[in-house]
Amino acid sequence: MADKDDKRPDHDDQGKGRARGVEIHDARAPSRRNFLKSVGATSLAAATAPAWARVGYVNHDEQEPQDKRADEGEAPAKGTQRITLNVNGQAHTLDVTPNMVLLDVLRHQLALTGTKKGCDIGQCGACTVHVNGVSINSCLSLAVMHDGDEVTTVEGLGQNGKLHPIQQAFLDHDAYQCGYCTPGQMMSAVAILNDAEVASDDAAVREAMSGNICRCGAYKNILSAIQTARKNV
Amino acid sequence: MSDNIIGAAKPRIDGPLKLTGLAKYSSDNLLDDMVYAYGVFSSIASGEVTNIDLSVAQQSPGVIDIFHHDHFPQLFRTPSSMEQENKVDEERLPFEDNQVHYAGQFVALVVADSFENARAAAYKVKVDYKTSPVLANLAQAVKVNGTQLHQDSRNSRGDPEPAFQSAQHKIDFTYVTPVETHNPMEMHATVAAWSGDKLTMYDTTQGVVNARNVYAKVFGLSPDRVEVITPFLGSGFGSKLWPWPHAIAAAAAAREVGRPVQLVVPRQEMFTTTGHRPETSQRLRLATDDDGRLVSLRHESISTTSTIDQGNNPYVESCGKMTQGLYSCENLLVTHSTTGTNRGTPTSMRAPGAAPGLFALESAMDEMAIEAGLDPLEFRRRNYADSDESKGLPWSSNKLREAYDQAAEKFGWSKRNSEIGSMRDGNEIVGWGMATCNWEAIRRPCDARVSLRADGTAYASCATQDIGTGTYTIVAQAVSQVTGLPLEKIEVELGDSSYPSGPISGGSWATATALPAVAAAARKALEELKSYAVSERGAFVGAKADDLSIENGQLKSADGKTVAFAEVLKQRKLASADGEAHTGGAPTDQYAFRSFGAHFVEVRWDQGISNLRVSRVVSAIDVGRAVNTLTSRNQVEGAIVMGVGMALFEQTEYDHRNGRPVNNNYAEYLVPVHADQPEVDVILLDYPDYKFNEFGARGIGEIGITGLAAAVANAVYHATGKRIRELPITMDKLMDDVPQAQQA
Ligand code: FES
Ligand code: FES
């Protein structure tokens, strides 16, 4: 991630244009993670998600980068809170302000722009990611609520350079046009396929997928792709 | 050559990038030193800004600058010419003055070091207004200002009035369609970066060349100082055809603050400042003789435009464009008028003109058939047009009757009981309706470049875009057809204004326009390769270039010797053989080019719980040749979904007292979701139209939405006996004794 972080503006907390920092720290010293957990913030998303949205798979490798130690003594910048996000198996320690939304942190700070913003107010599903195995709208979730959480984005779906079965099925069935809703569609689809409470018939899948709008209208092919991937997940 | 690559069902070559999150859309560009802009949008629809108080906003963390009409650089307007390819719909520049013409107009722009800080500060900008009377909708505007008739789009023949008066059967009804908002999934966005006097725009546009020319005009630059980059677009449906104020504002702000600026238009403001399909009111007068032949057809429409561009060069929703030639009728009149409202400037939305126009015409055709006692399909057959009577030209190809046959057969139309409410299934009343679809085929001039490379691959580039239609893939198919190389060995680059000039992605033009240029460039590259091959030190030294043929990525001589393209180049130590080509538009003086089709729709109406849904659609579409049947079918299926939205849900509502949109979000502006998806069966007729271009392809993006809403309305009438002439067909309109909201 270091190279991607280099793209970020160089900030300090002095004056104009200098209010925010992105820092990567060693994730093995996550003192604040437990603090937040103890007040229940991180478990909020999981607690409020419907049962059908729980995902039964985790594809993260647990390795943490050795080369990203920061000065542990350094305090978080004024007005920010230090959190650790484990995204697609990589730990990132970040200082975030209270108004930073998970979606924007993924996109702007971690440069994981595969997750899309279609409305920013929880109405379209383009921003769907998995948090601790649960699918959520990342635009509706504050970053500070996710200290210590495991986040999976579209960039983390495939393994070892191979497409995940849902990605392959979307390719084969042409289950998209512009591709903008597609990461969200696939993240929801994987969640649904892993959820025993969602029946496997077409009507049940359509119902469960209805939080993910596809303005291109590729619904027919998306359904075919999900039903095909069902056999391979 | 491989013949069957054209017309094959090939997965998209850009698919893996889209599926892994690596495809870069405009707002995915995070440039070094980049800052963020967030708009402040007018909360009134008409009046002026009297004061802007920045005292609180300026103290907000991370703020770099705040622009408004008293603090913004002097820019130039673009001539806004389609021919010069520098068109915009809203000609007024952002922050040009303190006047407010519509709710959601930019009144200030905050630039800050982060998205969060820009947004937070924008909320703290305090704007005072003086409001003026508002023209909130078509009815109000007509009452106050009347209408402006557009003579250039008037079309007439014969003498419709006496023919109408003396006819056996006649109808005279007015059909109304609301404002629809495109709502592409990707919000409009611009990342603008200056390097000296060179401007780079990562921009959400359906036309990189047009956008490049617009920015050059606006900033007074030579076009070669501007580069517009759009490798991927989260679709547009017309809303991203021509640049809007936000993009110009972002570029100006970037120049002022000396850093790249990213600006994303929030979803709410995509209902105001990035175009919409205007409201229409269309009067249809039809008359037939005893044999059910049309003797008089009049289609007179009014559409709304904005007060900014009314009287200037307003956007006209050409509702009657298809009407003038679709059916045979000696006496015809088509007119278009506009009236200005305090809404943002409207623009083309998928099948502009035809989508609302064919809702009206094809509803009226249904009413006319019933009036004349004929089956709606039979009535249309009797009025089939052998030629385009509006132009006096033969069709290049018209397989409408076969589309009727195939779709009717697959749908089971012959089993239809024409009596209203007669077809039941459990609690539901089943209604069956049909309509014709129609779209004009256009092909414009285009340039393209193709290289055959020493590593054995081919490369093609063109400054057109893939907005989800599959353009990357069909360009590769065209190269494959000429060179015999497999798709895996063909790299395609689109979406950059520095490539050879290509078409906008709109009007269903891109395929018909770009492919001939790509093929011509590929042939030129092959000619160059052959010239290398027969030259001294070449692989076929001594042979004649004309005697060499192409086979599976190899050159082959008359005596059967084959050498791979790559070998030919290596032998000469050359990187590539290159071809660049320019192809012209389709000649318009010999044939009329249109695509045709038919939709057959089943609706289900559960009166007990007042539930209406579209349950089944069978469509047969004649677009000449579908270059890629996988992506083409997807286009039609998607257009049908959007047509279902148009028929049942979509309507941008404005408060009639103050002109503000009241449902400017995805939860209240309803679009179809997975659960609304009907069973859809698309038949693609396959009659290549070689009079149009060498691939026989007329383009496919728009036609699927035309006629769909009428087919639904006609099915609803069959089920319920209620004729809904005002879209969308919401359930309250089907219930008895529900008073309809009156527009003041
Ligand atoms: S961006 Fe999160 S639901 Fe639309
Ligand atoms: S593929 Fe374009 S919105 Fe779904």
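Letters go in sequence order (proteins before strands), and every chain restarts at 1. Remember, predicted model here, so these are calculated numbers, not experimental data.
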Within 45 degrees of the axis of the six-membered ring of A/Tyr176 and under 6.0 Å from its centre: does B/Lys18 put its NZ or CZ there?
yes

Of the listed residues (A/Ile166, A/Ile213, A/Val154), which shares the most heavy-atom pairs with chain B below a 4.5 Å separation?
A/Ile213

Would you say A/His108 and B/Tyr36 make side-chain contact, with heavy atoms under 4.5 Å?
yes

Here the gap from B/Tyr666 atom OH to A/Asp120 atom CG, rounded to the nearest 0.5 Å, amounts to 13.0 Å

Face-on cation placement of B/Lys24 at A/Tyr180 ring, 6.0 Å and 45° thresholds
no

I would like to know whether B/Arg12 and A/Asp174 meet salt bridge (Lys or Arg N to Asp or Glu O under 4.0 Å); could you show each step before the answer?
CA-CA 7 Å; B/Arg12 290 164 202 261; A/Asp174 205 42; 2.6 Å; yes

dist B/Leu19:CG -> A/Met186:CE (nearest 0.5 Å) comes out at 5.0 Å

Around atom CD of A/Glu207, are there more than 12 heavy atoms of other residues, nucleotides or ligands at under 6.0 Å?
no

Residues 216-224 of chain A: residues contacting chain B (heavy atom under 4.5 Å, by number):
A/Cys216, A/Gly217, A/Ala218, A/Tyr219, A/Lys220, A/Asn221, A/Ile222

Spacing of OG1 belonging to A/Thr97 relative to CG belonging to B/Asn117, to within rounding of 0.5 Å
7.0 Å

Decide yes or no for A/Cys124 and B/Met185: does some side-chain heavy atom of the first lie under 4.5 Å from some side-chain heavy atom of the second?
yes

B/Thr469 backbone acceptor or donor facing A/Gln177 side chain under 3.5 Å:
no

Looking at B/Ile640, B/Val680, B/Ile467, B/Asn665, which has the largest count of heavy-atom pairs under 4.5 Å with chain A?
B/Asn665

For chain A, find its close neighbours in residues 629-637 of chain B: heavy-atom separation under 4.5 Å, sorted by number, or none.
B/Leu630, B/Thr631, B/Asn634, B/Gln635, B/Glu637

Assess whether a salt bridge exists between B/Glu679 and A/Arg206, defined as any Lys/Arg side-chain N lying under 4.0 Å from an Asp/Glu carboxylate O.
no

Which portion of A/Gln168 sits near chain B, non-hydrogen atoms under 4.5 angstrom:
neither

When heavy-atom pairs shorter than 4.5 Å are enumerated against chain A, which of B/Gly470, B/Pro672, B/Gly236 gives the highest number?
B/Pro672

What's the spacing between A/Gln167 CD and B/Thr20 OG1 if we round to 0.5 Å?
6.5 Å

Which heavy atom of A/Asp104 sits nearest a heavy atom of B/Glu116, and at what distance?
CB-OE2, 3.5 Å

Under 4.0 Å between a side-chain nitrogen and a carboxylate oxygen: does that hold for B/Asp28 and A/Lys116?
yes

Quick one: which of B/Pro678, B/Gly468, B/Pro184 has the most heavy-atom pairs under 4.5 Å with chain A, could you say?
B/Gly468

Tell me if a side-chain donor or acceptor on A/Ser210 pairs with a main-chain N or O of B/Val673 at a distance below 3.5 Å.
no

Please name the pair of heavy atoms, one in B/Asn183 and one in A/Arg215, separated by the smallest distance, quoted to 0.1 Å.
O-CG, 3.0 Å

Output the option from B/Met187, B/Gln677, B/Gln268 having the highest count of non-hydrogen pairs under 4.5 Å with chain A.
B/Gln677

With a 4.5 angstrom heavy-atom cut-off, is it the side chain or the backbone of B/Ser27 that approaches chain A, or both, or neither?
both

Which answer fits B/Asn29, side chain, backbone, both or neither, if we ask what part of it has an atom under 4.5 Å from a heavy atom of chain A?
neither

Atom NE2 of B/His674 and atom OG of A/Ser188: how far apart are they, to the nearest 0.5 Å?
8.0 Å

Shortest non-hydrogen separation from A/Leu171 to B/Pro11 and the atoms involved
O-CB, 3.9 Å

Would you name the heavy atoms of B/Leu233 and A/Cys178 that are closest together and state the gap between them?
O-CB, 3.3 Å

Part of B/Ala23 within contact of chain A (heavy atom distance under 4.5 Å):
backbone

Contact leader toward chain B among A/Gly179, A/Gly114, A/Pro183, A/Cys214, where contacts are heavy-atom pairs under 4.5 Å
A/Gly179

Please state whether the side chain, the backbone, both or neither of B/Val641 comes within less than 4.5 Å of a heavy atom of chain A.
side chain

Chain A contact via B/Tyr669 - side chain, backbone, both or neither, heavy atoms under 4.5 Å
side chain

Atom group of A/Ile121 that falls short of 4.5 Å from chain B, counting heavy atoms:
side chain

